[in-house]
Amino acid sequence: MEWFFRTDDTWQNLIVRVSLGAVMFPHGAMKLLGWFGGSGVSGTVAAFSQNFHIPPFLTLLVIAAESLGALGLIAGFATRLCAFGIFCDMLGAIYLVHWPNGFFMNWFGKQHGEGFEYHLLVIGMSLALMVAGGGRFSVDSAICPKSFHNRISL
């Protein structure tokens, strides 16, 4: 289990994980709590089922990834798992919703919906965290401190 929590004491990973968590949390809060004009859990489950034919169980995983996963990233707890959840969430969003709209965001309101460029950025950030871990000031680094890494590699 050491590999799951292992991370280097880097500022880069701190910046990536906190930024990603801070951007994803409002999306999750919309779906989980109804904040920021969202519809909460029941409304999200109904909308995902009706509009995208996504089963309630998968919708609950999306809600968990975007809310609890985002909080996990901000704290740096189970960084790889949280990043994986968001990674999967974004792949699903591209496949089910955004692919037909093309690459670009809907900057001028002239296309049917949003493109997938934002989602690719999130996927890239998630992959970086899945590979390198949470970095400096993460709960993961407290669970598996650098001294533990040195003992393991001896």
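Note that the structure is a prediction, hence the values are computed from the model and not measured. Index from 1, following the sequence.
Residues in residues 59-76 take part in these side-chain hydrogen bond (donor to acceptor under 3.5 Å, both in side chains) pairs, two or more places apart or across chains: K31-E66. Every pair tested for ring pair (Phe, Tyr, Trp, His ring centres under 6.0 Å) that includes a residue from residues 67-86 fails, sequence neighbours excluded, so the list is empty. Legend: side-chain hydrogen bond (donor to acceptor under 3.5 Å, both in side chains) pairs involving residues 75-99, not counting sequence neighbours, sorted by first then second residue: T79-D140, H98-H119. Note on residues 126-138: pairs passing salt bridge (charged side-chain N to carboxylate O under 4.0 Å, His left out), not counting sequence neighbours, are D9-R136.
Heavy-atom minimum distance, G76 versus S138: O-CB, 3.6 Å. G21 and A70 get closest at one heavy-atom pair: O-CB, 3.4 Å. Summarising the geometry of I86 relative to A65, their closest heavy-atom pair is CG1-O, 3.6 Å, with the distance given to 0.1 Å. Contact record, M125 with S19: CE-CB, 4.2 Å, taken as the closest heavy-atom pair. Taking all atoms of both residues into account, the shortest heavy-atom contact from E117 to W107 is OE2-NE1, 3.6 Å.
Considering CG of L32 and CG of L68, their distance stands at 6.5 Å, rounded to 0.5 Å. Atom CZ of residue F116 and atom CG of residue L91 lie 12.0 Å apart, to the nearest 0.5 angstrom. To the nearest 0.5 Å, the span separating SG on C144 from CZ on R6 amounts to 7.5 Å. Note that CG of L73 is 7.0 Å distant from OG of S126, once rounded to the nearest 0.5 Å.
By the side-chain contact (heavy atoms from CB on, under 4.5 Å) test, T10 is found to be paired with D8, Q12, N13, residues two or more places apart in sequence or in another chain being considered. By the ring pair (Phe, Tyr, Trp, His ring centres under 6.0 Å) test, F57 is found to be paired with no residue, residues two or more places apart in sequence or in another chain being considered. Contacts of L96 classified as side-chain contact (heavy atoms from CB on, under 4.5 Å), with partners at least two apart in sequence or in another chain: I54. With sequence neighbours left out, L121 forms a side-chain contact (heavy atoms from CB on, under 4.5 Å) with no residue at all.
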List the atom pairs, with distances to 0.1 Å, where a side-chain N or O of residues 33-49 and a protein N or O form a donor-acceptor pair under 3.5 Å, not counting sequence neighbours.
from : atom 1 : to  : atom 2 : distance (Å)
S39  : OG     : T44 : N      : 3.4
T44  : OG1    : G40 : O      : 2.7

Only distances under 3.5 Å count here; give the side-chain donor-acceptor pairs of residues 23-30 to other protein atoms, sequence neighbours excluded, each with its distance to 0.1 Å.
none

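Taking hydrophobic clusters as Ile, Leu, Val, Met, Phe, Trp and Tyr residues chained together by side-chain heavy-atom distances below 4.5 Å, I63 does not share a cluster with V97. In the hydrophobic cluster analysis, where Ile, Leu, Val, Met, Phe, Trp and Tyr join through side-chain heavy atoms closer than 4.5 angstrom, I123 is grouped apart from V62. L61 and L71 fall into different hydrophobic clusters, where Ile, Leu, Val, Met, Phe, Trp and Tyr side chains are chained together by heavy-atom contacts under 4.5 Å. A continuous path of hydrophobic side-chain contacts links L127 to I94 [ILVMFWY only; heavy atoms under 4.5 Å]. Hydrophobic clustering (side-chain heavy atoms under 4.5 Å, transitive across Ile, Leu, Val, Met, Phe, Trp, Tyr) keeps L58 apart from L60.
Checking each of T7, L129, I74 against R17 for a side chain to side chain contact (heavy atoms under 4.5 Å, CB included) leaves exactly one that passes, namely L129.
Side-chain heavy-atom separations under 4.5 angstrom define the hydrophobic clusters, and I15 shares its cluster with no other residue. Grouped with L14 in one hydrophobic cluster are W11, V18, F137, the linkage being side-chain heavy-atom contacts under 4.5 Å among Ile, Leu, Val, Met, Phe, Trp and Tyr residues.
Side chain of E114 to main chain of N106: a donor-acceptor pair is present (N/O by atom type, distance under 3.5 Å, no hydrogens or angles).
Counted within 6.0 Å of CZ on F103, heavy atoms from surrounding residues, nucleotides or ligands total more than 12; the atom is thus considered enclosed.
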